[in-house]
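Worksheet for the structure shown next.
Predicted model only: the values in this text are computed from it and were never measured. Numbering starts at 1 and runs along the sequence shown.
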Amino acid sequence: MELLGVRLELPANTPIVLLREATGARRVLPIYIGGPEAAAIAYALEKVVTPRPLTHDLLKILLDELGAVVEKVTVTEMREHTYFAEIELSLAGRRHTVSSRPSDAIALAARTGTAIFASEEVLAVAGRPGDEAESAEEPEQDELVDEFRQFIEQINPEDFLNEGPAPGD
């Protein structure tokens with residue numbers, strides 16, 4: 001899958017991440033995500049460096065320090081309108097699979113350059129034809145980019161920092 005980016009779905013102004021098949025039918029897979037996750041993916045795509053590491057940056061740093069390699073992330077299924085994903089890691093010659101929200105897996109993949117996949121079952125249920133999805137979005141693209149840019153500009157990296165003591169401190 002190609003990570004096309006994040007945008008706001010109108011009229012609800014709900015962030016979505018868009019994935020597209022790299023080959024074949026080139027179906028587009030839109031996944032509704034939260035605002036902080038949209039910002040995390042957008043920051044990774046724009047290579048924004050924050051004063052302190054955000055959650056996904058911290059996760060990447062931890063994996064790097066441990067010598068773990070993110071091999072791939074896969075959107076594996078959709079149940080009751082909720083997507084599920086898995087992150088495949090290798091560490092010390094062993095493979096590990098970790099269940100994840102797709103937005104978190106994609107945010108990590110965007111930081112590590114890891115390949116993103118989607119199961120055929122997910123694409124069959126939720127994928128949109130590539131030509132149809134692209135042509136439907138083209139007329140509004142500039143407007144959507146402007147709106148998402150405004151959304152990102154309103155988010156301050158400090159909003160994600162926990163300045164207070166951690167529970168138990």
Hey, can you pull the donor-acceptor pairs under 3.5 Å for the side chains in residues 58-66, sequence neighbours left out?
| unit_1 | atom_1 | unit_2 | atom_2 | d |
| --- | --- | --- | --- | --- |
| K60 | NZ | D64 | OD2 | 2.6 |

Do side-chain atoms of S90 reach the backbone of G93 as a donor and acceptor pair under 3.5 angstrom?
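No.
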Would a distance-only check, ignoring hydrogens and angles, find a side-chain to backbone donor-acceptor pair under 3.5 Å from R7 to L18?
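Answer holds: no.
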Taking only distance into account, with no hydrogens and no angle test, what donor-acceptor pairs under 3.5 Å do side-chain atoms of residues 95-106 form with protein atoms, sequence neighbours excluded?
| unit_1 | atom_1 | unit_2 | atom_2 | d |
| --- | --- | --- | --- | --- |
| S100 | OG | A105 | N | 3.4 |
| R101 | NE | D104 | OD2 | 2.9 |
| R101 | NH2 | E37 | OE2 | 2.9 |
| R101 | NH2 | D104 | OD1 | 3.2 |
| R101 | NH2 | D104 | OD2 | 3.0 |
| D104 | OD1 | H56 | NE2 | 2.8 |

Could you work out, with side-chain hydrogen bond (donor to acceptor under 3.5 Å, both in side chains) as the rule, every residue matching [X], not counting sequence neighbours?
X    : answer
E21  : R27
T74  : none
T112 : T114

Shortest non-hydrogen contact between L29 and A118, atoms and distance:
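Residues L29 and A118, closest heavy atoms: CD2-CB, 4.0 Å.
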Answer whether the closest heavy-atom distance between the side chains of T14 and L8 falls below 4.5 Å.
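Side-chain contact under 4.5 Å: no.
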Measuring from atom [atom1] of [X] to atom [atom2] of [Y], what distance do you get when rounded to the nearest 0.5 angstrom?
X   : Y   : atom1 : atom2 : value
I33 : E9  : CD1   : CD    : 12.0 Å
R94 : L89 : CZ    : CG    : 11.5 Å
Y43 : T50 : OH    : OG1   : 8.0 Å

L19 and side-chain contact (heavy atoms from CB on, under 4.5 Å): which single residue from V122, V28, I31, L123 fits?
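Result for side-chain contact (heavy atoms from CB on, under 4.5 Å) with L19: I31.
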Going by atom type alone, with no hydrogens or angles, which donor-acceptor pairs under 3.5 Å involve a side-chain atom of residues 77-86 and a protein atom two or more places apart or on another chain?
| unit_1 | atom_1 | unit_2 | atom_2 | d |
| --- | --- | --- | --- | --- |
| E77 | OE1 | R79 | NE | 2.8 |
| Y83 | OH | P30 | O | 3.4 |

